[in-house]
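One-based numbering, in listed order, for ligands and for the atoms of each.
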Amino acid sequence: VTQSPMSKAFNLVPHDQTLFEERHLCYISPLGKGNFGCVELCRYDPLGDNTGELVAVKKLQPNKGSNLEDFQKEVKMLSVLHCDYIVKYRGVCYSMGRLSMSLVMEYLPYGSLTGYVWTNRHNITTRRMLLFSSQICKGMEYLQMQRYVHRDLAARNILVANESLVKIADFGLTKVLPFDKEYYRLSQPGQSPLFWLAPECLNENKFSHKSDVWSFGIVLHELFSYCDNSINPKRLCLQEIGQNVQGTSLSMHLANMLASNWRLPAPPNCPLQVYSLMKDCWTYDFDKRPSFSDLSKKVENMIQDDR
Ligand SMILES: Cc1cnc(Nc2cc(F)c(C3CCN(C)CC3)c(F)c2)nc1Nc1ccc(F)c(N2CCCS2(=O)=O)c1
């Protein structure tokens, strides 16, 4: 692949990365809004005969407060990940002139886990939910090996490849841990939605693999609630806080509730051992939370027992 002058300008694309030519990237439909901009379904059709591959293209909207540098970091981070449970990087596409760039990824036809589980809630078995849970754990275990902290693990950021495969997507908030620290401290409160955050994130903006474990517990709650919006984590927390949210910020209220040991209630008909796994992920002291490898073993055992 030749190095276009533009790509030299970004010094992003080493010779081995795939460069998608904009003229062959045919727009089909919008897929959704992400952290940086929008994601679209396109067909990369260099032969012009509709035999090209469907891809999901995440476009940076420079004017939407996001910046090219952060987006380039997200591209770089995704491009080095090779795991069955993480959405596959395909390459980048530079749009001449507009100085914008796009991230090209594999297209997963079933969409986000939230929509899929809710739509199919009447015929998804506990076993299949446990299978999805163990795949998310394995994806997170792989991320941990790369010293990546996702910071935005939520059912909306998990994509469904087929009836028995889910993948972690959207690395817009992901940070790489420094070599000498096991946590990442944000300078100011980030954009992660409060209701998926561990206490140390709310209180000290401290993010780690263990705060990702907390978020995984919330994902379990979403899954076993069949992603029912009427009982989603945000709604249940706001109900508990009550409407009298004066003065003290929402995150202070939430942090106080967690400190006095309030936790999300068990989803309806949730297997007891699954709820107890959630509670393990929501251990206040991050050092005492299970690791993703502990969690995938426990979930695997539940799948065996579920036979
Ligand atoms: C990388 C990737 C690969 N395949 C897919 N397939 C995909 C297939 C689909 F039918 C849908 C939907 C299903 C429902 N109907 C109504 C509309 C289309 C869909 F939303 C996605 N999507 C990808 N990314 C993506 C897309 C869209 C996103 F909003 C987000 N994000 C969400 C929060 C942060 S996010 O930016 O990660 C990521």
Give the atom numbers and elements of ligand 1 that come within less than 4.0 Å of a heavy atom of [X].
X	value
N157	33 (C), 34 (C), 37 (O)
V87	1 (C)
R156	32 (C), 33 (C)

Whether over 12 other heavy atoms sit under 6.0 Å from E69 CD: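 Counting other residues, nucleotides and ligands, CD of E69 stays at 12 neighbours or fewer.
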With backbone taken as N, CA, C and O and side chain as the heavy atoms from C-beta onward, which portion of [X] lies under 4.0 Å from ligand 1: side chain, backbone, both, or neither?
X	value
L159	side chain
V39	side chain
L108	both

Selected option - heavy-atom contact closest to atom 13 (C) of ligand 1, from G111, G172, P30, G115: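 Considering heavy atoms of G111, G172, P30, G115, the nearest to atom 13 (C) of ligand 1 sits in G111.
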Those residues that, when tested against R156, pass side-chain hydrogen bond (donor to acceptor under 3.5 Å, both in side chains) (two or more places apart):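 So R156 forms a side-chain hydrogen bond (donor to acceptor under 3.5 Å, both in side chains) with D152.
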Test side-chain hydrogen bond (donor to acceptor under 3.5 Å, both in side chains) applied to R151 - qualifying residues, sequence neighbours left out: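 Not a single residue meets the side-chain hydrogen bond (donor to acceptor under 3.5 Å, both in side chains) criterion with R151.
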Charged tip of K167 within 45° of Y85 ring normal and under 6.0 Å: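 Because its charged atom misses either the 6.0 Å distance or the 45° angle limit, K167 does not stack over Y85.
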Any P109 heavy atom less than 4.0 Å to ligand 1: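 Yes, that is the case, since the closest heavy atom of the residue is under 4.0 Å from the ligand.
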Whether H221 and W282 hold their rings parallel, tilted or perpendicular, with breakpoints at 30° and 60°: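 Rings of H221 and W282: tilted, 30 to 60°.
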Note: D294-R289 ion pair, threshold 4.0 Å (strictly below):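 Looking at D294 and R289, the cut-off is not met.
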